[in-house]
Amino acid sequence: MAKNDNVNKNEKLLEIKNLKKSFGSLEVLKDISLNVKRGEVVSILGPSGSGKSTLLRCATLLEKADDGDLIYDGKYAFKSQDGKAVYSSKSEIKEVKNIFGLVFQNFNLFPHYTVLKNVTDAPISVQKRKKEEVLKEARELLAKVGLSEKENAYPSQLSGGQSQRVAIARALAMNPEILFFDEPTSALDPEITAGILKVLRQLADEKMTMVIVTHEIDFARKVSDKVIFMDNGVIVEEGSPEDVIDHPSNDRTREFLQKLEK
């Protein structure tokens, strides 16, 4: 749904402090700290294996962090104590989970549910909202992503681009305050990618707070308020699209962008 244009841009909606995550002896995230303000669009760039997806998985509580603080709208999901991440209570975690949504790279739709049921299931069964209200909102969201005529279709009857748009509608149906996207166009061809990026641009215009892991440099340049370049588990460079994409100060960022442009 449309967000308020009069967004207080200085209000931190997400704070990550000194986040660390290893898999065995492999350090994947090495002391990551970042803030996302309300209404801000943040794009995360970086080569494969740089830790981008693990960062998103830790931020959305799909992966357990080793150490650090994760704070949504002033509420702690976990905080660092004696060198390790200590998670909040189940009820506090439940509150935090209502604040964010995540759109997966591979859609993760329920194959045995229709498009409409995919979008309405969680708001009705998890958030316990009124069915009529959820159905009305779901149909508005499907119209917004250009899929009104597909509400009774099943995921197997959809193209990749249509599936991704259903996934976006499903995430929005939970009324999150911040949406995470993990490479939302990586499985799609260029023509379909353009349609997905158009939906994201529309959300950005409505001041939806978003964190987008992407390799779409032009999109990141046009839509982002802030761009983060990650490599080898650290944030190498962070700033406006003009600073990071057009005039990178770090050699590693420059080298990465040159390879993408070839």
Side-chain angles (χ1 to χ4, degrees), residues 14-36 41-70 77-78 80 83-85 100-108 160 164 167 171 178-190 192-193 196-197 200 210-221 223-224 226-241 243-262:
L14 169 65
E15 295 175 78
I16 295 174
K17 298 177 185 174
N18 311 112
L19 178 63
K20 293 173 186 165
K21 175 67 185 173
S22 296
F23 294 103
S25 60
L26 179 66
E27 243 189 317
V28 180
L29 298 176
K30 308 168 186 174
D31 206 14
I32 297 277
S33 295
L34 63 93
N35 296 320
V36 181
V41 178
V42 177
S43 289
I44 302 177
L45 311 175
S48 212
S50 58
K52 308 182 303 292
S53 289
T54 302
L55 171 60
L56 248 60
R57 289 179 68 79
C58 287
T60 55
L61 306 174
L62 291 173
E63 201 71 68
K64 236 176 154 50
D66 297 331
D67 193 11
D69 296 352
L70 176 65
F78 56 79
S80 178
K84 98 180 197 191
F100 64 78
L102 171 63
V103 177
F104 296 91
Q105 190 173 353
N106 54 352
F107 327 132
N108 282 22
Q164 189 61 291
I178 179 171
L179 259 187
F180 292 90
F181 294 85
D182 188 8
E183 295 276 13
T185 60
S186 68
L188 308 173
D189 69 37
I192 293 168
T193 291
I196 300 299
L197 297 181
L200 296 187
M210 294 187 282
V211 177
I212 307 168
V213 169
T214 184
H215 57 275
E216 298 286 344
I217 300 300
D218 280 342
F219 171 76
R221 183 190 279 117
V223 174
S224 311
K226 182 161 68 184
V227 174
I228 289 169
F229 174 69
M230 281 181 72
D231 190 30
N232 200 26
V234 299
I235 291 176
V236 173
E237 200 161 344
E238 178 179 348
S240 69
D243 290 341
V244 178
I245 296 173
D246 297 329
H247 306 101
S249 57
N250 188 284
D251 288 344
R252 184 65 193 93
T253 317
R254 252 195 305 276
E255 186 189 321
F256 172 76
L257 292 167
Q258 279 165 0
K259 273 184 188 162
L260 278 191
E261 281 162 8
K262 277 177 186 172

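In this chain, numbering begins with 1 at the start of the sequence shown. Values below: all heavy atoms of this structure, side chains included; hydrogens, waters and symmetry mates excluded.
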So does [Y] get a backbone contact from the side chain of [X], meaning a donor-acceptor N/O pair under 3.5 Å?
| X | Y | value |
| --- | --- | --- |
| R254 | P248 | yes |
| K226 | N35 | yes |
| K30 | N232 | yes |
| E237 | S249 | yes |

Quick check: closest heavy atoms across A59 and I16, and the distance to 0.1 Å?
CB-CD1, 4.2 Å
With a 4.5 Å heavy-atom cut-off, do [X] and [Y] have their side chains touching?
| X | Y | value |
| --- | --- | --- |
| L62 | F104 | yes |
| I44 | L56 | yes |
| L61 | L70 | yes |
| S48 | H215 | no |
| P184 | I212 | yes |
| I192 | Q164 | no |
| L55 | L34 | yes |
| D31 | V234 | no |

Please, which pairs that meet salt bridge (Lys or Arg N to Asp or Glu O under 4.0 Å) have at least one residue in residues 44-57, sequence neighbours excluded?
R57-E63
List in chain and number order the residues that pass ring-ring contact (aromatic ring centres under 6.0 Å, His included) with F256, two or more places apart in sequence or in another chain; answer none if no residue qualifies.
F229
Of all residues at least two apart in sequence or in a different chain, which pass the ring-ring contact (aromatic ring centres under 6.0 Å, His included) check with F181?
none
Among D66, N18, D67, find the one that has a side chain to side chain donor-acceptor pair (under 3.5 Å) with S80.
D67
